[in-house]
Amino acid sequence: MRTRLVAVVVLVAAGCAGGHVSTEARSDPIRVFVAGTVDLTGPAVVIARADPEGVLREVRLAARRADLAIAVSIQGEAGPLLAAAGFDLVACPRSESLTSTPASLSIETGAIRLRCAEDPSPTTDGPPVVLNLTVGDPSPVGTGAPLTIENASVEVIVPRSSQVDLVVSRMGALLSDDPAAEGSVLEVFADEAGVIAYRTGGVTHGDFRVHFAGWDLPEGDAVLLDGEWWTLVRAIAPAPVLRPPPDTPFDQGELTAAALGDVTGDGVPDMAAAYRHPFRGSALTDAFPEAVVVDSQGRSAHLGVFTPEGEPLWAAGLIPHPVGDVAACYGSVALAFTDIEGWEITSTGAATWEGLSLRSAQELPGGGVPGCADVDADGSLDPVILERSP
């Protein structure tokens, strides 16, 4: 049975109670990547010696991209293998650098520190290993805890506070001598005020090489960063959605939703438009007839990018579902999908501009409100889905 990572989110950062955070300047956010236990003993040693590049290949990109990559604990000579893959630290039983230069990362209010301690509310029998990852807390690194439990937790704590706004437990094994063992990985996006967003994903190692199953879809409010969905922890205030004037010329059909913004990311305003027109067959619809759905008026649904004056730049011949609402972000759009009659929001999503067209991100089930916000503090608007419902 897979050891599933469990995330419990408690919003405690200042400003969250009112639904929005302060817009005052903050330091650049950082990424922290955390993986479970690594046991390089037994049969795993043979594979690591024969294929050192392949053992951690599927998590190497995430580890190297992170500002700080952490393994909860290791056994055997796993340190060099992890360091080559981009990991910086082993957290338990004591913080230990994997690189020749001790790994450290500072943000405006202080350094990231690690400690191991007993879980105050254990979820399984026995004392689990707990990793407390504190962003901006000057408290000293604590002492170790037993490493025999594969139930690890990570806490990201608001600076100068004992309150926790993210706890993730049951990370399991990244690699072990049991090929049936499974685990999870965690990536946290945070600044000096605490967690902004996080995502989790599953890993297996049936052949003693780590295999990443992909990132889990968010269950709550979501933000699309680098084409992938993250769970929003921090309450954000989306930018106002700019709608085109009612008299905007549009000869492609009947507009059902439209928004203005720099959808193509070229510095020039565009119009993202969802519309319907009487169904017209084409080579594409002939090839995929099952993808064509028309409403009670015989119209098919479409999505396109236009100039603010209604001149077409790109249009999709087929879309997965009709679009009932759209927000135009920077180089992307946030979307709400409806049934074919357009009465009910059935799912939400987003799409990013890939130079010639929009590329769809994975759909999120259930309702929600599409919007745009600068979540990663890079000066551009990211797609968000707020007020999500099952």
Side-chain angles (χ1 to χ4, degrees), residues 9 11 13 15-24 26 29 189 191 193 195-199 217-245 248 255-265 269-275 303-306 308 319-338 342 344-353 358-390:
V9 180
L11 295 176
C16 288
H20 304 299
V21 297
S22 171
T23 56
E24 65 186 37
R26 302 188 185 279
F189 198 62
D191 61 14
V195 179
I196 301 170
Y198 73 93
R199 57 182 178 173
L217 288 179
E219 294 185 0
D221 289 355
V223 57
L224 191 76
L225 300 174
D226 299 327
E228 298 278 356
W229 289 113
W230 295 62
T231 295
L232 267 173
V233 173
R234 181 173 299 171
I236 57 99
V241 178
L242 302 178
R243 304 296 184 186
T248 298
L255 277 174
T256 56
L260 299 175
D262 190 1
V263 176
T264 59
D270 308 298
M271 180 174 66
Y275 57 98
L303 176 69
V305 180
F306 302 81
I319 56 176
H321 311 287
V323 174
D325 195 8
V326 59
C329 310
Y330 178 79
S332 56
V333 294
L335 305 166
F337 300 111
T338 69
E344 180 182 358
I345 294 178
T346 57
S347 60
T348 55
T352 54
W353 185 257
L358 286 171
R359 180 180 180 181
S360 295
Q362 195 168 359
E363 282 184 40
L364 302 176
V369 179
C372 307
D374 184 7
V375 175
D376 56 5
D378 66 352
S380 61
L381 296 174
D382 310 299
V384 296
I385 304 296
L386 305 177
E387 301 178 29
R388 290 191 63 208
S389 59

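Keep in mind that what you see is a predicted model, and the values were worked out from it rather than measured.
Legend: residues meeting side-chain contact (heavy atoms from CB on, under 4.5 Å) with Pro320, ordered by chain and number and at least two apart, are Glu363. With sequence neighbours excluded, the residues that form a side-chain contact (heavy atoms from CB on, under 4.5 Å) with Pro245 are Asp247, Thr248. Arg199 is linked by a salt bridge (charged side-chain N to carboxylate O under 4.0 Å, His left out) to Glu187, counting only residues two or more places apart in sequence or in another chain. Under the side-chain contact (heavy atoms from CB on, under 4.5 Å) criterion, Pro365 pairs with Leu217, Arg388, sequence neighbours left out. Under the side-chain contact (heavy atoms from CB on, under 4.5 Å) criterion, Ala334 pairs with Ala327, Pro370, Pro383, Ile385, sequence neighbours left out. A search for ring-ring contact (aromatic ring centres under 6.0 Å, His included) contacts involving Phe306 returns Phe250, Tyr275, not counting sequence neighbours. For Thr352, the side chain to side chain donor-acceptor pair (under 3.5 Å) partners at least two apart in sequence or on another chain are Glu354. Considering only residues two or more places apart in sequence or on other chains, Asp270 meets the side chain to side chain donor-acceptor pair (under 3.5 Å) condition with Thr264.
Taking 4.5 Å as the limit, some side-chain heavy atom of Leu358 sits within range of a side-chain heavy atom of Val263. Val323 places a side-chain heavy atom less than 4.5 Å from the side chain of Phe337. Side-chain contact between Leu386 and Pro238 is present, with at least one heavy-atom pair separated by less than 4.5 Å. For the pair Pro218/Leu232, no side-chain contact is recorded, criterion being any heavy-atom separation below 4.5 Å from C-beta on.
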Could you walk me through whether Thr338 and Thr256 pass the side chain to side chain contact (heavy atoms under 4.5 Å, CB included) test, one step at a time? CA-CA 11 Å; Thr338 69; Thr256 56; over 6 Å; no
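In plain terms, the two heavy atoms of Val384 and Cys372 that are nearest each other are CG2-N, 3.8 Å. Nearest heavy atom pair, residue Ala273 against residue Leu255, reads CB-CD2, 3.6 Å. Heavy-atom minimum distance, Ala259 versus Ala328: CB-N, 3.7 Å. The two residues Ala336 and Ile345 come nearest to each other via the heavy atoms CB-CD1, 4.0 Å. Here the closest heavy-atom approach between residue Pro269 and residue Pro308 is recorded as O-CD, 3.4 Å.
Remark: Phe189 CZ to Leu225 CG distance equals 6.0 Å, nearest 0.5 Å.
The stretch residues 368-378 participates, sequence neighbours left out, in these side-chain hydrogen bond (donor to acceptor under 3.5 Å, both in side chains) pairs: Asp378-Ser380. Contacts classified as side-chain hydrogen bond (donor to acceptor under 3.5 Å, both in side chains) and involving residues 322-337 (residues at least two apart or in different chains) are given here: Arg243-Asp325.
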